[in-house]
Protein chains: 2
Amino acid sequence: MQMKNKKIGNQTVKLDNPPKIISTHSIVGPKEGEGPLSEYFDDILNDDMLGKESFEKAESEMMFTAISQALKKGNLKETDIDYLFSGDLLNQIISSSFAAREFSIPFFGLYGACSTMSESLSLASIIMDGGFAKYVVAATSSHFSSAERQFRFPLEYGSQRPATAQWTVTGSGALVLGHEGNYPEITYVTTGKVKDYGQKDANNMGAAMAPAAADTIVNHFKDTGRKPEDYDIIATGDLGVIGRELADKLIEDFGYNIRNQHIDCGEIIFDNEKQNTLSGGSGCGCSAVVFTGYLYKRLMKKEIKRVLLVSTGALMSTTSSLQGETIPGIAHAVAIEMNSN
Amino acid sequence: MQMKNKKIGNQTVKLDNPPKIISTHSIVGPKEGEGPLSEYFDDILNDDMLGKESFEKAESEMMFTAISQALKKGNLKETDIDYLFSGDLLNQIISSSFAAREFSIPFFGLYGACSTMSESLSLASIIMDGGFAKYVVAATSSHFSSAERQFRFPLEYGSQRPATAQWTVTGSGALVLGHEGNYPEITYVTTGKVKDYGQKDANNMGAAMAPAAADTIVNHFKDTGRKPEDYDIIATGDLGVIGRELADKLIEDFGYNIRNQHIDCGEIIFDNEKQNTLSGGSGCGCSAVVFTGYLYKRLMKKEIKRVLLVSTGALMSTTSSLQGETIPGIAHAVAIEMNSN
């Protein structure tokens with residue numbers, strides 16, 4: 001049997017029946033709501049506990065809300081949705097599993113650290129393009145307080161943070177893929193490999209993830225034949241100020257200059273100087289809300305036409321760090337395009 | 001644009017270009033090697049530390065070995081593989097990420113607790129059937145000692161275990177999917193929803209997962225029109241002795257009797273009385289090594305022709321349990337068939 005292979009180059013697939021992002025929802029905490037992208041978010045919380053008794057339950061509730069609202073905007077019921085792809089930073093991805101418990105939707109749980117938005121979007125797009133589904137939801141979340149106490153220290157310690165540190169975003173983003181209507185389309189999916197250049201400092205994750213981001217972006221160009229100027233925006237998330245600089249340099253070594261197109265979701269979600277967020281935002285929720293809020297709305301308004309979303313993840317745990325392991329990184333790229341007609 | 005939808009019923013897709021399992025590898029610890037399935041495993045370790053300095057590093061090394069050996073048996077190099085799907089029980093799935101770091105293969109990290117073998121096999125099969133890949137690897141692992149200290153107590157405490165408790169399997173299984181040759185094929189994928197019936201006891205996870213297993217199996221029958229007797233074996237994993245009984249009863253309430261076909265990977269991997277494993281084995285590695293060892297080899301010998309593999313996961317964390325949450329469960333089913341010619 002001769003099958004058409006949709007793979008092009010080493011790491012990319014071209015979607016011949018490109019799924020469309022028919023609705024999105026972004027929900028953020030109070031601090032994110034005071035940042036420069038404020039006007040683009042759908043929900044800004046006054047209380048980052050959402051009336052719940054723990055940070056973890058609050059995070060799961062945020063994701064539940066993001067998914068519910070994205071369905072509502074798409075005029076869809078949960079029974080219309082074929083699959084839910086979701087993951088988050090918490091141990092055993094409880095934010096996702098407990099949110100998924102509230103929906104009667106077949107569920108694939110993912111873990112890609114802060115790369116989860118483009119990981120879930122990649123798999124959702126592939127399953128749509130292959131004709132396995134009519135509607136799919138991709139979602140992710142993070143919460144400053146649940147992440148801080150799981151990965152670093154209880155907030156009550158008041159630990160000092162080095163300048164390279166990033167600030168975990170409190171937020172959740174969900175999007176619904178469908179086949180109809182005039183919406184941004186997913187055209188290419190470039191899946192990342194795990195890259196490890198020996199970085200060990202969990203307070204400098206941008207440096208750990210930059211090589212993975214550079215590798216995926218360069219391979220996206222090689223596989224597709226596209227160039228940086230084919231995109232209006234190449235959005236990594238979340239390298240922060242320091243990691244973004246490093247990624248740009250690494251990519252330059254491969255002969256591509258993406259500085260004119262490159263924004264980093266972690267760098268732009270806060271006013272890092274005024275808001276004391278040091279190298280910028282991080283967490284699965286960061287690229288999720290920057291995409292579903294800021295970038296999606298600009299695509300819909302046709303202010304921009306082609307975005308390459310490259311969420312990046314640092315794949316360590318507190319145990320691996322305590323055991324002296326370095327921090328492997330990964331980045332997945334998804335090309336999203338708004339037709340001109 | 002009119003697309004063919006491969007979805008049948010509510011939760012199932014039918015694979016029109018069924019991928020084939022062209023090679024597998026199973027590796028287990030010493031205790032599993034003394035159990036009733038001993039002769040079917042490819043590698044039995046004398047030392048469950050594999051010469052490493054921590055249980056976590058040992059677990060990752062097991063997965064690395066399982067993947068490497070499965071590639072070798074398939075006469076494939078890592079560069080031949082389009083995607084690796086993998087996950088495990090450890091926080092931030094470090095066994096998988098650190099194993100994936102050693103391969104230059106695009107990587108999708110998953111978390112489905114002990115449902116990971118059929119979750120990774122589901123996504124790998126869908127991506128193959130859709131024409132996105134020539135070869136895909138699906139893998140998972142668990143390790144008694146890394147799981148015990150992460151989820152329960154340090155081994156040094158010598159905690160007593162109730163009769164409903166299960167014993168985490170030390171083992172890893174990997175399999176390679178391709179399109180050519182006379183090998184077992186994946187024909188249907190039924191994706192589970194998160195089910196929660198309010199069970200709270202982390203020492204009785206079989207009871208927490210039984211409703212999810214029952215729901216997925218019943219929906220598989222409804223979606224495909226198949227009956228229990230269409231399968232030689234319906235293999236859940238890992239409900240253990242107690243959860244298996246409960247699942248059989250729940251399925252009977254829906255009008256299906258699967259007792260003649262039903263085995264549970266957790267129940268059969270150990271001699272539970274002699275080996276003091278109480279309700280049976282558990283862990284992502286359990287259904288992984290029972291499938292890649294025992295069931296795959298019996299399929300290849302044509303002793304059995306149709307297997308429904310239904311790995312089951314309990315989606316809690318220590319944090320969710322301490323916060324008084326119940327334990328949601330999930331189960332994914334994959335139909336695997338050996339042609340008679």
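Naming: A, B, ... by sequence-line order, numbering from 1 per chain. What you are looking at is a predicted structure, and each value in this text was computed from that prediction instead of being measured.
Of the listed residues B:I330, B:L110, B:T326, B:T116, the one with more heavy-atom pairs under 4.5 angstrom with chain A than any other is B:L110. Interface remark: of the candidates B:S115, B:G313, B:S320, B:S320 forms the most heavy-atom pairs closer than 4.5 Å to chain A. Taking A:T318, A:T216, A:V194, A:T190 one by one and counting their heavy-atom pairs under 4.5 Å with chain B, the maximum is reached by A:V194. Of the listed residues A:A100, A:S60, A:S104, the one with more heavy-atom pairs under 4.5 angstrom with chain B than any other is A:S104. Of the listed residues (A:E53, A:E119, A:Q11), the greatest number of heavy-atom pairs within a distance under 4.5 Å of chain B belongs to A:E119. In terms of non-hydrogen atom pairs under 4.5 Å with chain A, the most contact-rich of B:P328, B:A133, B:S122, B:G112 is B:P328.
Taking CD1 of B:I126 as the start and CG of A:L123 as the end, the distance is 9.5 Å to the nearest 0.5 Å. Taken from CG in B:D82 to CG in A:N10, the straight-line distance is 9.5 Å, to the nearest 0.5 Å.
The parts of A:K134 that come within reach of chain B are both its backbone and its side chain, each placing non-hydrogen atoms under 4.5 angstrom from that chain. When heavy atoms are compared at a cutoff of 4.5 Å, A:A113 does not approach chain B at all. Of the two parts of B:E102, neither the backbone nor the side chain holds a non-hydrogen atom closer than 4.5 Å to a non-hydrogen atom of chain A. The contact between B:L15 and chain A is made entirely by side chain atoms (from C-beta outward), counting heavy-atom distances below 4.5 Å.
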Exercise. Given the rule in the side chain to side chain contact (heavy atoms under 4.5 Å, CB included) test, do B:D129 and A:F132 qualify, once you have shown the distances and angles that lead to the verdict?
Worked result: CA-CA 10 Å; B:D129 183 70; A:F132 299 98; 3.3 Å; yes
Exercise. Does the pair A:K193 and B:I105 meet the rule for a side chain to side chain contact (heavy atoms under 4.5 Å, CB included), with working shown?
Worked result: CA-CA 6 Å; A:K193 300 172 179 178; B:I105 305 176; 5.8 Å; no
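When the ring-ring contact (aromatic ring centres under 6.0 Å, His included) test is applied to A:F103, the partners found at least two apart in sequence or on another chain are A:F64. Scored by the ring-ring contact (aromatic ring centres under 6.0 Å, His included) test, B:F108 finds A:H332, B:Y83, B:F85 as partners (sequence neighbours excluded). Listed by chain and number, the residues in a side-chain hydrogen bond (donor to acceptor under 3.5 Å, both in side chains) with B:R149 are B:E56 (sequence neighbours excluded).
Applying a 4.5 Å heavy-atom cutoff, the residues of residues 86-99 of chain B that approach chain A are B:L89, B:L90, B:N91, B:Q92, B:I93, B:I94, B:S97, B:F98.
The pair B:R101-A:E325 meets the salt-bridge criterion, since a charged nitrogen lies less than 4.0 angstrom from a carboxylate oxygen.
Side chain of B:Q323 to backbone of A:S54: no donor-acceptor contact under 3.5 angstrom is found.
Counting heavy-atom neighbours within 6.0 Å of B:K7 NZ, excluding the residue itself, gives a total above 12.
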